[in-house]
Visitor: 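Submitted below is the structure of interest, expressed as structure tokens.
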Amino acid sequence: MVQLLATDTTTKEVLKWQGVHLIHFQGSACSQKTRIFLNLKGINWEPHPLNLATQENFEPWFLGINPRGLVPVLVHDGTVHIESNDILQYLEEYFPEPNLIPAALRDEITDSLQEEDNLHLDLRALTMRFVLPKFLAQKKLKSLAALDRDAGTIRGQKDTHKKIELNFWHDYAKQGITDDGARKSARRFHAVYKKLEQRLVGQSYLCGSEITLLDIAWFIYTHRLKEAGYPFAQQHPQTTVWYQTLLARPEFAKEVQSPPPLKMITAVLHLTQRLKKNTLCHVAGFADK
Ligand SMILES: N[C@@H](CCC(=O)N[C@@H](CS)C(=O)NCC(=O)O)C(=O)O
């Protein structure tokens with residue numbers, strides 16, 4: 001569990017926050033996952049929106065809470081937690097009802113969540129290539145310099161993950177997301193969804209007849225990949241039915257709504273990619289229907 005030490009937190013005011021507080025961004029996949037979990041649990045929580053679009057996450061106030069500059073962050077009774085899957089597993093222990101990580105499935109769920117987290121940069125790459133245009137998504141040099149300069153610690157140690165973030169954004173600034181990078185990311189997802197598709201044969205949810213944390217986590221990825229133009233209906237029909245079932249629930253639907261201007265921007269991006277024959281389907285080698 002990534003619970004930070006009080007000494008890691010230089011934005012001291014959060015150490016006084018009582019109850020459940022979430023620092024999050026409307027359009028962030030990991031924030032959406034956390035909000036759906038909170039909705040299903042019926043947990044009373046206080047929102048602290050942080051605007052990733054204006055790069056507020058590189059301001060000293062936020063780096064003093066999460067030196068990685070990433071959302072979501074949970075503050076619970078003055079303790080700071082980062083990494084969405086760790087946050088959710090922590091909350092599950094504190095708020096066990098309704099049970100979203102059944103004890104008998106704990107190891108299986110932990111492994112699948114690890115697989116999901118390992119694909120996070122692939123999801124980001126496909127988002128930056130097929131959902132958001134570069135002029136909107138690119139980080140300012142001064143934001144990256146602020147992240148680089150920040151001396152924040154994670155459990156008393158210099159953070160090694162920060163380098164991965166910096167490398168991603170510097171590469172993106174230089175070359176965007178290349179065809180080869182996008183194809184590899186899409187293909188990695190294809191391999192995972194082939195397994196998920198098998199799990200869904202003869203059952204409504206990924207672990208059986210009840211919703212678990214795995215459904216929430218993979219729902220969010222599925223939603224984002226659909227926005228990117230990943231052909232679920234064609235490649236993974238069972239997954240499509242499962243996704244639609246979850247999307248019909250208000251606890252899920254209300255957290256993944258994109259603002260209309262953003263939908264419009266993605267639609268224009270898709271139109272130009274279609275004309276140039278470099279949609280996700282083209283690049284990844286899926287037949288484009
Ligand atoms: N492994 C982390 C990933 C968190 C992450 O990458 N969050 C994204 C939003 S989904 C973020 O804050 N990005 C910062 C940015 O875009 O500047 C988690 O699960 O919490």
Side-chain angles (χ1 to χ4, degrees), residues 1-4 22-38 48-76 80-92 109-110 112-129 131-148 150 152 154 159-173 176-177 185 213-214 216-225 227-228 255-256 258 262:
M1 302 257 169
V2 191
Q3 175 176 338
L4 302 195
L22 191 71
I23 307 176
H24 69 115
F25 177 61
Q26 190 60 29
S28 126
C30 300
S31 301
Q32 292 170 337
K33 174 174 66 176
T34 309
R35 297 196 304 263
I36 293 172
F37 183 92
L38 291 164
H48 298 265
L50 190 88
N51 194 343
L52 296 191
T54 58
Q55 305 185 19
E56 233 186 319
N57 51 319
F58 302 107
E59 300 290 334
W61 181 85
F62 184 64
L63 291 176
I65 301 169
N66 184 358
R68 293 182 179 170
L70 299 173
V71 290
V73 173
L74 171 79
V75 180
H76 181 220
V80 177
H81 303 257
I82 62 168
E83 290 299 323
S84 57
N85 289 334
D86 289 324
I87 290 173
L88 299 179
Q89 290 172 82
Y90 166 83
L91 284 171
E92 176 74 17
I109 290 181
T110 306
S112 189
L113 288 178
Q114 187 58 58
E115 191 166 32
E116 179 248 25
D117 192 44
N118 292 345
L119 286 168
H120 192 77
L121 287 188
D122 292 300
L123 189 76
R124 188 187 287 170
L126 295 178
T127 303
M128 299 307 151
R129 173 73 192 256
V131 180
L132 293 174
K134 197 171 176 200
F135 77 89
L136 277 184
Q138 188 162 290
K139 302 298 175 202
K140 296 179 207 138
L141 280 178
K142 79 170 197 224
S143 297
L144 297 180
L147 181 63
D148 200 11
D150 181 75
I154 305 269
D159 184 31
T160 48
H161 179 83
K162 192 166 85 171
K163 204 91 214 119
I164 298 173
E165 293 295 316
L166 286 166
N167 286 345
F168 180 93
W169 291 117
H170 282 303
D171 285 352
Y172 180 61
I177 306 296
S185 292
L213 174 52
L214 275 201
I216 307 174
W218 289 109
F219 168 84
I220 288 298
Y221 273 29
T222 308
H223 182 79
R224 176 60 60 79
L225 289 168
E227 287 181 323
E255 301 304 346
V256 291
S258 309
L262 187 58

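The residues of the chain are indexed from 1 along the displayed sequence. Atoms within each ligand, like the ligands themselves, are counted from 1 in listed order.
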Visitor: Applying a heavy-atom distance cut-off of 4.0 Å, which protein residues contact ligand 1?
Guide: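 Protein residues near ligand 1 are Ser28, Ala29, Cys30, Leu52, Asn57, Phe58, Gly69, Leu70, Val71, Pro72, Glu83, Ser84, Asp117, His120, Arg124, Lys139, Trp169.
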
Visitor: Taking side-chain hydrogen bond (donor to acceptor under 3.5 Å, both in side chains) as the definition, give me every residue that meets it alongside Gln114, ordered by chain and number, with sequence neighbours left out.
Guide: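 Here the qualifying residues are Asn118.
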
Visitor: Quick one: salt bridge (Lys or Arg N to Asp or Glu O under 4.0 Å) pairs with a partner in residues 27-37, sequence neighbours left out?
Guide: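 For residues 27-37: Lys33-Glu116, Arg35-Glu255.
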
Visitor: For Tyr172, give me all partners under ring-ring contact (aromatic ring centres under 6.0 Å, His included), at least two apart in sequence or on another chain.
Guide: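 Tyr172 satisfies ring-ring contact (aromatic ring centres under 6.0 Å, His included) with Trp169 once adjacent residues are dropped.
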
Visitor: Examine distances only and state if a side-chain atom of Lys139 and a backbone atom of Gln55 form a donor-acceptor pair shorter than 3.5 Å.
Guide: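 Checking the backbone N and O of Gln55 against the side chain of Lys139, no donor-acceptor pair under 3.5 Å is found.
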
Visitor: Does Leu70 form a side-chain contact (heavy atoms from CB on, under 4.5 Å) with Phe25? I'd like the steps, not just the answer.
Guide: CA-CA 10 Å; Leu70 299 173; Phe25 177 61; over 6 Å; no

Visitor: Hey, is CG on Leu141 packed in by over 12 heavy atoms from elsewhere, all under 6.0 Å?
Guide: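 Incorrect, the count does not exceed 12.
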
